[in-house]
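Take a look at the structure set out below.
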2 protein chains.
Amino acid sequence: MSSGHNSKKNKELLQLDNQLCFSLYSAANAMTRAYRPLLDALDLTYLQYMAMMVLWEEQSVSVKRLGERLHLDSGTLTPLLKRLEAKGLVSRGRSPDDERVRVITLTDAGQALKIQAVEVPEQILCQTCMPLDELKQIKQLCDQLLKNLSS
Amino acid sequence: MSSGHNSKKNKELLQLDNQLCFSLYSAANAMTRAYRPLLDALDLTYLQYMAMMVLWEEQSVSVKRLGERLHLDSGTLTPLLKRLEAKGLVSRGRSPDDERVRVITLTDAGQALKIQAVEVPEQILCQTCMPLDELKQIKQLCDQLLKNLSS
DNA sequence: TAAAATTAAGTTGCGTACAATGTAATTGCT
DNA sequence: AGCAATTACATTGTACGCAACTTAATTTTA
């Protein structure tokens, strides 16, 4: 119900360039675009790179665990992991304790890729042309936002 | 080239939870997830909603102009606009001045949808559970980031 | 003014995101 | 033990994003 007295507010609310969400969305798209040429050298997409980061930290994870870390579900992860397996970067085994659970494990090739990956975040940091404290601020605010929206 | 003395820094750089980009990416995904149930009532996706916002502002735009405003290309927009046309929200004509140019125009149904759309941003704002100044801060920082990455 | 270059949009193909649904293994309950 | 509920993952289908390429119209320029 929009009564006359707030029509100006309504107008502002519906302008694209006033939308926080749109800024977030565009900045996130721009970020993955910035990563693309760097990740091409590793033959990884941005999401594949994030999945590999989890594996470089944990060596071995279930699909569920990976989904919790990346905030994604099996509908996204299953095909992704099959592609990583096809590239020889991970193996997709089963847990002996629970046959339902897929255990994703780094292969030697997957482990080796970490060395080349180290330079990527540095170069991106550079491309943002923004001071570290502002970048940390965005990160902190985004983390808070994600937390609030997820609860 | 990663020499031994910065191996600790490298380790930190490759941890998922230290990645600004990942926070941005996850927050943007969470935002579109938050919009989804609200936009379902309008039978719009998030991107379709953004395209409609441009049209509610401008009445009529070329694909090029729309792409500039949304930071997207014809590969994304052409199928999107066909879907909006199929829903009867826009018409896809040609410019008489330049036959190459598609002129996307709001239909009456498209115009009418604006009334229902007004409530969406308010509800989202509410769901973020964050003070307005922090939201404005994210927006400003994201806009800066996008600008830097695009230049 | 005719060929070359540019521009606007469309097409194809790949890889996400995610809802909805399915399947098989495990757990909980009685 | 036996059956219902839950859990973990897979599958299907829709809609983005975007690179690479194509087509057709317009502009440039020699």
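The chains referred to below are lettered A, B, ... by the order of the sequence lines, with proteins before strands, and numbering in each begins at 1. No hydrogens, no waters, no symmetry mates; every other heavy atom, side chains included, goes into these values. From a predicted model like this one, the values you see are computed outputs, not experimental measurements.
Take A:Arg36 and apply the side-chain hydrogen bond (donor to acceptor under 3.5 Å, both in side chains) test, not counting sequence neighbours, and it matches no residue. Contacts of A:Gln48 classified as side-chain hydrogen bond (donor to acceptor under 3.5 Å, both in side chains), with partners at least two apart in sequence or in another chain: A:Lys87. With sequence neighbours excluded, no residue forms a salt bridge (charged side-chain N to carboxylate O under 4.0 Å, His left out) with A:Arg94. When the side-chain hydrogen bond (donor to acceptor under 3.5 Å, both in side chains) test is applied to A:Arg102, no partner is found at least two apart in sequence or on another chain. Residues passing the salt bridge (charged side-chain N to carboxylate O under 4.0 Å, His left out) test with B:Glu85 are B:Arg92, sequence neighbours excluded. When the side-chain contact (heavy atoms from CB on, under 4.5 Å) test is applied to B:Ala117, the partners found at least two apart in sequence or on another chain are A:Leu14, B:Leu42, B:Tyr49, B:Trp56. Scored by the side-chain hydrogen bond (donor to acceptor under 3.5 Å, both in side chains) test, A:Lys64 finds A:Glu68 as partners (sequence neighbours excluded). Under the rule for a salt bridge (charged side-chain N to carboxylate O under 4.0 Å, His left out), B:Arg33 has no partner lying at least two apart in sequence or in another chain.
B:Val101 forms part of a hydrophobic cluster together with B:Val103, judged by ILVMFWY side-chain heavy-atom separations under 4.5 Å.
Residues from residues 90-104 of chain B placing a heavy atom under 4.0 Å of any atom in DNA chain C, listed by number, are B:Arg92, B:Arg100, B:Val101, B:Arg102. Near DNA chain C, meaning a heavy atom under 4.0 Å away, the residues from residues 35-56 of chain B are B:Arg36. Residues of residues 71-87 of chain A having a heavy atom closer than 4.0 Å to DNA chain D, listed by number: A:Ser74, A:Gly75, A:Thr78, A:Lys82.
Here C:dG10 presents its P atom at 11 Å from CG of B:Leu66, a figure rounded to the nearest Å. The CZ atom of A:Arg33 sits 16 Å away from the P atom of D:dC16 (whole-angstrom rounding). Summarising the geometry, the separation between NZ on A:Lys64 and P on C:dA24 is reported as 21 Å, rounded to the nearest angstrom. In this entry the distance linking CG of A:Asn29 with P of D:dA19 reads 11 Å, nearest Å.
With no hydrogens or angles considered, a side-chain donor-acceptor pair links B:Asp143 and A:Ser23 at under 3.5 Å.
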